[in-house]
There are 2 protein chains.
Amino acid sequence: MLLFTERLFGTGHVSIKEKIRQEAMILFAEKGYSAVSMRQVATLAKVSVAGIYHHYPDKKALYLDAIRFAFSGKEDIFNTVWVMQCSPEKTLTLFIRALFDVLLADRTFHRLMQYEIMEADGERLQLLAQSVFHQQFSLLIRLVQQLAPTQDAHLMATTIIILVEGTLRAQPINRYFPGRKAEHDQVEVMAEHVTQVVLKALQAH
Amino acid sequence: MLLFTERLFGTGHVSIKEKIRQEAMILFAEKGYSAVSMRQVATLAKVSVAGIYHHYPDKKALYLDAIRFAFSGKEDIFNTVWVMQCSPEKTLTLFIRALFDVLLADRTFHRLMQYEIMEADGERLQLLAQSVFHQQFSLLIRLVQQLAPTQDAHLMATTIIILVEGTLRAQPINRYFPGRKAEHDQVEVMAEHVTQVVLKALQAH
DNA sequence: GTCTATATGGCGATAGAC
DNA sequence: GTCTATCGCCATATAGAC
């Protein structure tokens, strides 16, 4: 993400506004909107509080810009999956793994997404749905329809996303349940398990 | 939940402390810990702020008591499922439906759980795991082992819980994805879908 | 056991110098 | 465009009357 801005502004240089947004994004992801103060953002961004208000009218505008930035460009990562010409089963396997990788690679993004799903109103949910998931969801539905034409594609598509995101979300608490093994935290194991569950679910009954 | 206290204290009477806890619980579930002020709790509980501090040393203690109360007794609802003598498949179907019903019947509980999973440290995650899920999880693991002895019971048990909770959690945003039908919000449809996915996943390959 | 009054500090946001 | 200084308010928490 930083690489993009570095390309725009030269070696290593990031504008003050971008620095503010970046630190705000991280703080909002860690603690949620209410638990973050403008003073904390200012300290981490190495500006004064008034400096923030030069770039943003209020705290909410800063938050909206932060999530808008965090959610942008996420769909591109999946391009390699859909571009490849392989069997539907293999494509599904790659998609599930790619979804795991995206969420694991950007924990800030994942947590902002979780907070938004819990706290956003309809308008912001729509932004999240369209800017992050819409394209992937449509392609996923088509894939499901290829694999299992008789099943409810919307239900299955949401189930696939839920399984991946939920598996990662449940990681911390899973440590406190019986039968836990160290290998359950490996992305290969998680992705393989989810893939098997989904492929079996897509078989005709 | 109120019925229990009513039995203890006579017709309709609820102690001030319980009223404070009750209103705090609802507020914390709606907005999260940081977004709730002692003043708001005091107003809804019809006491002064100082009145709260007579019963609780600080805000965190009030929060901990609220979630402890919200999480207590939830396991009892599943007793009817495990007591019944029927096939493993039928038991699993009943458990999934019961889990849906618990989360749907007590949205306050569900939201407190979501916030805890996001924000709690290890100690509080352990409290959540033990007081809410531990018994159910063990029984669920045994059930999975009956249905699919060769599979990883821990992974499948978590998958089942994730599918139910995730399906409900995704409801609001699902409205903004293509292919959404009104029937997808019916608990019967959701439970049937999850049950089918899980039963297929448990079949030997 | 509940109240009014208050202490103390952090909050979001602004004014005005440079 | 960034700063220091400050506003007015609300936050958690306490003191002490009744």
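Only a predicted model underlies this, so the values are computations on that prediction, with no experimental measurement involved.
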* To do: Using a cut-off of strictly less than 4.0 Å between a heavy atom of the residue and any atom of DNA chain D, enumerate the qualifying residues of residues 36-43 of chain B by number.
  => B:V36, B:S37, B:M38, B:R39
* Would you call A:K17-A:D65 a salt bridge at under 4.0 Å N-O? -> no
* Is the distance between the ring centroids of A:H154 and A:F137 less than 6.0 Å? -> yes
* To do: May I ask you to check whether B:Y115 and B:Y33 place their ring centres under 6.0 Å from each other?
  => no
* Short N-O contact, B:R175 and B:D185, less than 4.0 angstrom -> yes
* To do: May I ask you to check whether B:Q136 and B:K74 show a side-chain donor-acceptor distance below 3.5 Å?
  => no
Can you check nucleotides 3-5 of chain D for protein contacts, nitrogen or oxygen pairs under 3.5 Å, and list what you find?
residue	atom	partner	partner atom	Å
D:dC3	OP2	A:S48	N	2.7
D:dC3	OP2	A:S48	OG	2.9

* Asked: In whole Å, what is the span from the CD1 atom of B:I20 to the P atom of C:dG1?
  -> 12 Å
* **Contacts of A:K90 that satisfy salt bridge (Lys or Arg N to Asp or Glu O under 4.0 Å) - sequence neighbours left out** => none
* Side-chain donor-acceptor contact under 3.5 Å, A:H110 with A:E165 -> yes
* Asked: Given D:dT14, is OP1 or OP2 found less than 4.0 Å from the side-chain N or O atoms of B:H54?
  -> no
* Using a strict 4.0 Å threshold on nitrogen-to-oxygen distance, state whether A:E116 and A:R111 make a salt bridge. => no
* Asked: Atom CZ of A:F28 to atom C1' of C:dG12: distance rounded to whole Å?
  -> 12 Å
* **Phosphate-side-chain proximity, B:Y53 and D:dA13, N/O vs OP1/OP2 below 4.0 Å** => yes
